Amino acid sequence: MTVNLLEHDLESLAAFCERLGEKRFRAVQLFRWIHQRGCSRFEDMSDLAKSLREKLKGVAHVKAMDVITQHISADGTIKWLFDVGGGNAVETVFIPEDDRGTLCLSTQAGCAMGCRFCSTGHQGFSRNLTTGEIIAQLWFAEHFLRKHLKRDERVISNTVMMGMGEPLQNYTALIPALRMMLDDHGYGLSRRRVTVSTSGLVKKIDLLGVECPVALAVSLHAPNNALRDYLVPLNIKHPLEELMPACVNYLEHAPRDFITFEYCMLDAVNDSDAHAQELVQLVKHYGHSVSWCKFNLIPFNPFPASGLHRSKQERIQGFAKILSEAGITTTIRKTRGDDIDAACGQLAGDVVDRTRVTVRIARQRSSELNSNPLDVPTDAKI
Ligand code: SAH
Ligand code: SF4
C-alpha cells in the first residue's frame with residue numbers, strides 16, 4: 001500500500017520527505033506540483049531529482065476519489081458525487097458568480113446531528129472523511145475547472161464547508177485540510193474566504209478560533225431553545241446560552257468582524273414576525289450592538305419525508321425586513337443549481353438508494369476515469 005500524498009499538509013509532507021532522506025524544500029516543490037499544478041504523476045515533476053521521483057513512485061501516489069456522477073446546471077453550478085467506498089458517496093458543489101467561484105465541500109459521509117430539515121441528517125452518519133478526502137474535492141474541482149473553463153489562473157476563490165456533514169465533528173481531519181487551503185504553496189486562499197459552517201459544537205468553535213481562525217457560519221434556525229431543541233437536536237447539549245457567547249468570543253480571533261447566522265426558513269415553524277423580533281432581542285442580548293453578526297436566510301429546500309415546507313417568498317421578505325430594520329445585515333440566499341438538486345440540504349438526498357446504483361456504475365467507469373482522473377464524462381446521468 002502506497003501513501004496518498006493528498007493526506008499530507010505541508011508540515012506532514014516535510015516530515016514524510018525527511019523520512020525518505022530528503023530536505024524540506026523538496027516537500028515544498030512536491031506540494032506545489034500537486035496542489036498548484038494539479039500534477040499526480042511523479043515522472044512529470046521535472047524539477048525533482050530523478051532518484052526522488054523513482055523513490056516516490058515506490059511509496060506514494062496522488063489520487064482523488066472516483067467521480068460517480070457530474071451534473072452541470074443551466075446556471076453553471078456543477079455537482080460531483082464522489083465514491084468514498086463502502087457504499088458511501090459525498091457531494092461537492094461549485095457555484096460560479098461574477099466576482100468569485102465558491103466550492104461547497106463535504107466533511108463527512110452522512111451526519112450524526114439529525115437536524116429535522118436536512119436530508120443529510122435524515123440519512124444518518126456513516127463516517128468521517130479523511131484530510132485527503134476533504135482536500136481531494138478542492139484539488140479535483142480546481143484542476144478540472146481550469147481545464148474545463150480553459151483558464152490558467154485560479155478558478156475557486158472561496159470554499160465553504162457546507163456540504164454533507166458537521167465539519168467540527170471531524171475536527172482532526174478538517175484542520176490540516178483548512179491549512180492546505182490557506183497555504184501559499186497550496187491554494188493560497190485568504191482566511192476570510194474559507195468558511196466553516198457548524199450547527200454549534202461550542203468547544204470546537206473555541207478551538208478553531210485559537211488553532212485555525214477562518215470565517216465562521218453558525219446554523220441557528222431558531223430564536224429560542226425550545227424551537228432549536230426541536231430543529232437542531234445538538235441544542236439540547238449546547239443551548240443558546242453556550243452557543244451565543246462562543247460566537248461572540250470567536251470574533252476575537254476571526255478574520256472577519258462578524259459571524260454569519262444561517263437560518264432555514266420553514267413555513268409556519270420558525271418564520272413569524274414574532275420569531276424575527278425574538279431573534280433581534282437574542283442578538284442584542286449577547287452583543288454591544290447588532291453589528292457583530294449577519295443573517296443569511298435560506299429558503300428551505302424540501303425533500304421527501306421531511307414533512308416541512310418552504311416559507312412563502314413574501315414571508316421571507318417580511319422576516320428579513322424586521323431584522324434589517326433593527327440594523328442587522330440580512331441576505332436571502334439565492335437558490336442555485338435547483339435543476340440538479342445541488343441546493344443546500346438537498347445534497348445526497350437519496351444517496352443511500354442512489355449509491356448502490358452509482359457505485360456500480362462508478363466501478364464500470366473507474367478504469368476510464370483513473371487513466372486520467374481529470375477527464376470526467378460531462379453530465380453523466382444515472
Ligand atoms: N453541518 C453544517 C454544515 C452543512 S449544512 C451545518 O449544519 O452548519 C449547510 C447549511 O445548509 C446549514 O446552514 C444547514 O442548516 C442548511 N440546510 C440543511 N438542510 C437544508 C434544507 N433542506 N434547506 C435549506 N437549508 C438547509
Ligand atoms: Fe448535519 Fe448540518 Fe444537516 Fe444538521 S444541517 S444534519 S449538522 S449537515
Side-chain angles (χ1 to χ4, degrees), residues 90-93 95 102-129 134 137 158-171 174 177-178 194-202 204-205 208 214-222 227-238 243 246-247 250 259-267 269-271 293-311 316 331-338 341-351:
V90 298
E91 290 184 314
T92 308
V93 181
I95 306 147
T102 303
L103 193 72
C104 177
L105 294 102
S106 294
T107 53
Q108 298 181 312
C111 183
M113 296 299 156
C115 302
R116 299 244 163 202
F117 49 84
C118 174
S119 70
T120 309
H122 278 238
Q123 182 191 317
F125 177 69
S126 291
R127 70 166 174 86
N128 280 328
L129 298 190
I134 298 171
Q137 297 168 64
N158 295 59
T159 56
V160 294
M161 311 310 127
M162 292 187 187
M164 296 168 67
E166 167 50 57
L168 295 186
Q169 220 202 7
N170 187 13
Y171 188 86
L174 176 71
L178 294 179
V194 174
T195 302
V196 167
S197 175
T198 179
S199 55
L201 284 162
V202 295
K204 291 294 176 358
I205 292 176
L208 184 70
V214 291
L216 184 69
V218 172
S219 295
L220 195 60
H221 308 307
L227 186 54
R228 197 162 191 272
D229 284 353
Y230 170 74
L231 291 173
V232 184
L234 178 67
N235 196 69
I236 299 167
K237 195 165 172 211
H238 296 299
L243 177 60
C247 293
Y250 191 83
I259 302 289
T260 304
F261 285 125
E262 293 159 284
Y263 196 97
C264 180
M265 297 298 293
L266 298 160
D267 183 38
V269 175
N270 65 354
D271 66 347
C293 64
K294 293 187 179 178
F295 270 80
N296 192 358
L297 306 181
I298 315 172
F300 171 60
N301 291 306
F303 59 95
S306 72
L308 297 162
H309 305 280
R310 180 185 288 189
S311 305
I316 300 178
T331 49
I332 301 173
R333 188 175 293 173
K334 272 190 290 178
T335 301
R336 298 287 304 263
D338 249 352
D341 279 359
C344 288
Q346 287 183 323
L347 300 184
D350 50 356
V351 77

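Counting starts at 1 for both ligands and their atoms, in listed order. What you see is a predicted model, and the numbers here were worked out from it, not measured in a lab.
At least one N, O or S atom of Cys118, from either the backbone or the side chain, sits less than 2.8 Å from atom 3 (Fe) of ligand 2.
Neither the backbone nor the side chain of Val218 comes within contact range of ligand 1; no heavy atom lies under 4.0 Å. Counting heavy atoms closer than 4.0 Å to ligand 1, residue Glu166 contributes atoms from both its backbone and its side chain. Residue contacts with ligand 1 for Cys118 involve both N, CA, C or O and side-chain atoms from C-beta outward (heavy atoms, distance under 4.0 Å). At a heavy-atom distance under 4.0 Å, atoms from both the backbone and the side chain of Asn301 approach ligand 1.
The option with the heavy atom closest to atom 15 (O) of ligand 1, from among Met265, Arg310, His221, Glu262, is His221. When Ser106, Ser197, Gly200, Ser219 are checked for heavy-atom proximity to atom 3 (C) of ligand 1, Ser197 turns out nearest.
Side-chain contact check for Ser219 versus Ser197: some heavy-atom pair is nearer than 4.5 Å. Between Arg228 and Leu243 the shortest side-chain heavy-atom distance falls below 4.5 Å.
The distance criterion of under 3.5 Å between nitrogen or oxygen atoms is not met by Arg333 with respect to ligand 1. Not one N or O of Ser119 is nearer than 3.5 Å to an N or O of ligand 1, by distance alone. Taking only nitrogen or oxygen atoms, main chain and side chain alike, Phe117 reaches within less than 3.5 Å of ligand 1.
Every heavy atom of Met164 sits 4.0 Å or more from the atoms of ligand 1. Residue contact annotation: Met113 has no non-hydrogen atom under 4.0 Å from ligand 1. Using 4.0 Å as the threshold, Gly165 has a heavy atom nearer than that to some atom of ligand 1. A heavy-atom separation below 4.0 Å is found between Gly163 and ligand 1.
Nearest to atom 2 (Fe) of ligand 2 among the protein's heavy atoms is Gly165 O, 4.4 Å. Nearest to atom 1 (Fe) of ligand 2 among the protein's heavy atoms is Cys111 SG, 2.3 Å. Protein heavy atom in closest approach to atom 4 (Fe) of ligand 2: Cys115 SG, 2.3 Å.
Glu166 and Thr107 form no side-chain donor-acceptor contact under 3.5 Å, judged by distance and modelled atom types alone.
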